[in-house]
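Notes follow the structure.
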Amino acid sequence: MSAEPSQSPWQAATITRIEKRTPRVTSFWFQPLRPFTHLAGQHVDVRLTAPDGYQARRSYSIASAPEAGGGIELAIERLDDGEVSPFFHDVAAVGDEIELRGPLGGHFIWEESDGGPIVLVGGGSGVVPLMAMVRHRTLRNKAVPVALVFSARIWDEVIFRDELIGLDDRLDGFNLVLTLTREPARRPSDYSRRVDARMMAQAVERLPKAPKLAYVCGSNAFVSAAADALIGAGVPAETIRTERYGV
Amino acid sequence: MVTRGFFSGRRPPSDTDARIPPGQYLEQGFPVLSAGPTPRVRTEDWSFTLKHGPKPIKKWNWAEFNALPQSKMTRDIHCVTAWTKFNTPWQGVMIDDIFADAGIEPPTAYTLALSFDGYSTNVPTKDLVTGKAMVALLYEGKPITPDHGGPARLLVPHLYFWKSAKWVNGLQFTERDEPGFWELRGYHMYGDPWREQRYSSDP
Ligand SMILES: Cc1cc2nc3c(=O)[nH]c(=O)nc-3n(C[C@H](O)[C@H](O)[C@H](O)COP(=O)(O)OP(=O)(O)OC[C@H]3O[C@@H](n4cnc5c(N)ncnc54)[C@H](O)[C@@H]3O)c2cc1C
């Protein structure tokens, strides 16, 4: 592949590192042949090609901060009967080349210059683009107040758990609210139920003033419920941006 | 480039292969995509306005709009997030019949579809007429649910599905091809699935 701009938007990217995050989610770091700078919240499209030319493509959000360097991190959840995610979990290895294009998406993005406070609401792997926003905020060393409400089924499925709790402990304006839907809460400030308007109202109360923007990401059902909960907590619909991972 | 170790068994059967545009896969369900929360538009509050630039040409309320001639269209639809769904059955008012009821010939070559939530998307006028597109009111014979764009959504099935604006409340003729919501955010101005026009960088 050459670096001419008129070339295909697809390019090869080498897997440089693989790290299991939870029993079902693994992070993959990619070094694209032609490095690019993304914005927090953007995604890439990944394309797999079989020997007979058959191709499968999927979108994956970028988990790493724009300023992180060292390639882009994707965190992929394994769907057992899926086509692409089991390939990454079972077959992909460090050194493999995968085709991707990006960065993509111009709506579900947060830049430090967009300001805050911001509310982030993620369900399962829907936390991935929110993680890029949280990391971006941290690396820019800016005190934009953030409340992240992260819904997972159980404690061991809280992706980026140690990192998020470490950030929460800094008490620098980042607030982590975990809610476990199938286990009791582990921390005093956490919940053990599905997201609802009361939970959102309490998350918003942790911010010094009303949020300027809200970002919701996850499965379609989760995004619908969480966006309605935010509206129920008085967050204006026009300030809510959503990213739906499909079914 | 062949991907090491990728041998999926998901190839579409050869009799349907020709109906699936490049880079798409066949989906049985009906996934939902939108930029924000789902607006709940009550039919009492619903209206549809035809405009030339800022100037209104004609406005219909829900009852008036439902009294226009209705047609059925069963079509394959193609979402830019790579799923294709076969044989989706819609019923609604053809754009030709909306223009006829307003007593107009399209005054410009470009149109913006407008929605209750502030969303917009551009479609060349010629892609809306001659039986190509409708404002759909029913899906599978039932009112369209809010998450799928109800009470009414645009249906332009030969373009990627983001062009089929949900919660549509008007069409606006424009002098130039003006980008809408997603087109301003990196998506293609036209969006032909058969030419894989997903993003603005695609030819
Ligand atoms: C913008 C965006 C960002 C995303 N970011 C992430 C992310 O950061 N992390 C992440 O994990 N995911 C993300 N996703 C979701 C991701 O793109 C894939 O949808 C997901 O990995 C599933 O792909 P798959 O090929 O493994 O499963 P698929 O093969 O697509 O199947 C998905 C499910 O549908 C069913 N299914 C569909 N078709 C068939 C069929 N023909 N036969 C049998 N079953 C079928 C299966 O039951 C399966 O559980 C994102 C999606 C979008 C749109």
Side-chain angles (χ1 to χ4, degrees), chain A residues 1 5-6 9-12 42 45-59 82-84 86-87 90-93 95-99 101-109 214 216 219-221 223-224 226-228 230-231 235 237-247, chain B residues 1-12 14 17 20-41 79-83 85 116-119 145-148 162 167 179-188 196-203:
Chain A
M1 242 178 238
S6 63
W10 294 94
Q11 61 164 317
Q42 283 188 306
D45 279 4
V46 165
R47 175 167 89 174
L48 309 181
T49 305
D52 66 352
Y54 171 79
Q55 292 184 326
R57 69 187 279 169
R58 297 291 184 273
S59 300
E83 182 176 32
V84 171
F87 165 84
D90 303 344
V91 181
D96 281 353
E97 282 194 348
I98 301 287
E99 274 186 303
R101 74 180 286 190
L104 299 167
H107 176 58
F108 198 81
I109 51 181
V216 185
S219 68
N220 176 49
V223 170
S224 295
D228 286 349
L230 280 170
I231 292 169
V235 177
E238 341 47 280
T239 64
I240 305 173
R241 301 183 187 184
T242 61
E243 181 98 285
R244 296 167 194 256
Y245 281 0
V247 274
Chain B
M1 184 183 103
V2 172
T3 313
R4 182 191 69 80
F6 179 64
F7 311 97
S8 172
R10 273 291 172 80
R11 284 161 196 70
S14 51
D17 213 7
I20 301 180
Q24 297 289 109
Y25 68 93
L26 193 57
E27 170 71 49
Q28 305 302 332
F30 196 160
V32 174
L33 273 148
S34 51
T38 299
R40 304 285 188 297
V41 184
C79 178
V80 72
T81 61
W83 55 267
K85 185 172 172 60
F116 276 92
D117 61 341
Y119 180 86
T145 54
D147 58 335
H148 286 299
W162 88 79
W167 313 296
F181 183 90
W182 288 116
E183 295 80 10
L184 283 168
R185 290 161 177 77
Y187 285 81
H188 199 273
E196 255 203 292
Q197 296 171 331
R198 296 173 197 271
Y199 304 108
S200 52
S201 53
D202 289 322

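A note on names: the letters A, B, ... follow the listed sequences, proteins ahead of strands, and every chain is numbered from 1. Because the structure is a prediction, the values reported are computed rather than measured.
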message: If you count heavy-atom pairs within less than 4.5 Å of chain A, which of B:Ser201, B:Pro203, B:Pro37, B:Gly118 leads?
response: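 The option with the most such pairs is B:Pro37.
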message: Below 4.5 Å, heavy-atom pairs only: which of B:Pro39, B:Gly23, B:Ala35 has the largest tally toward chain A?
response: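 Highest number of pairs under 4.5 Å: B:Ala35.
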message: For the aromatic rings, using the six-membered ring if either is Trp, is the centroid distance between B:Tyr187 and B:Trp182 under 6.0 Å?
response: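 Between B:Tyr187 and B:Trp182, the centre distance is under 6.0 Å.
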- prompt: Strictly under 6.0 Å, is that where the ring centroids of B:His148 and B:Phe30 end up?
  reply: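 Ring centroids of B:His148 and B:Phe30 are less than 6.0 Å from each other.
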Quick check on [X] against chain B: is it the side chain, the backbone, both or neither that has a heavy atom closer than 4.5 Å?
X: A:Leu48; value: both
X: A:Asp45; value: side chain
X: A:Ala92; value: backbone
X: A:Ile109; value: neither
X: A:Arg58; value: side chain

message: When you measure from the side chain of A:Gln42 to the backbone of A:Gly105, do you find a donor-acceptor pair of N or O atoms at a distance under 3.5 Å?
response: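 At least one qualifying donor-acceptor pair exists.
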Backbone of B:Ser34 reached by a side-chain donor or acceptor of A:Thr242 within 3.5 Å: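 Yes, A:Thr242 side chain to B:Ser34 backbone: donor-acceptor pair under 3.5 Å.
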task: Please look at B:Ala82 and chain A and tell me whether the side chain, the backbone, both or neither of the residue comes under 4.5 angstrom of a heavy atom of that chain.
output: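 For B:Ala82, side-chain heavy atoms alone lie under 4.5 Å from chain A.
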query: Which atoms of B:Trp83 come close to chain A, meaning under 4.5 Å heavy atom to heavy atom: side chain ones, backbone ones, both, or neither?
result: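 B:Trp83 has no heavy atom closer than 4.5 Å to chain A.
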- request: Rounded to the nearest 0.5 Å, what's the gap from CZ on B:Arg185 to CH2 on B:Trp162? Could you check?
  value: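 B:Arg185 atom CZ to B:Trp162 atom CH2 measures 13.5 Å (nearest 0.5 Å).
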- prompt: Rounded to the nearest 0.5 Å, what separation is found between the CZ atom of A:Arg101 and the CZ atom of A:Arg47?
  reply: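 These two atoms lie 8.5 Å from each other.
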message: Distance alone, cut at 3.5 Å: any donor-acceptor contact between the side chains of A:Ser224 and A:Arg244?
response: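 Indeed, the side chains of A:Ser224 and A:Arg244 share at least one donor-acceptor pair under 3.5 Å.
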For chain B, the option from A:Glu97, A:Glu83, A:Arg241 that forms the most heavy-atom pairs under 4.5 Å: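 Highest number of heavy-atom pairs under 4.5 Å: A:Glu83.
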message: Shorter than 4.5 Å, heavy atoms on both sides: which option in A:Pro51, A:Ala227, A:Ala237 has the most such pairs with chain B?
response: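 Of the options given, most contacts go to A:Pro51.
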query: Is it true that B:Arg40 and B:Asp147 have a side-chain N and a carboxylate O under 4.0 angstrom from each other?
result: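 So B:Arg40 does not pair with B:Asp147 through a salt bridge.
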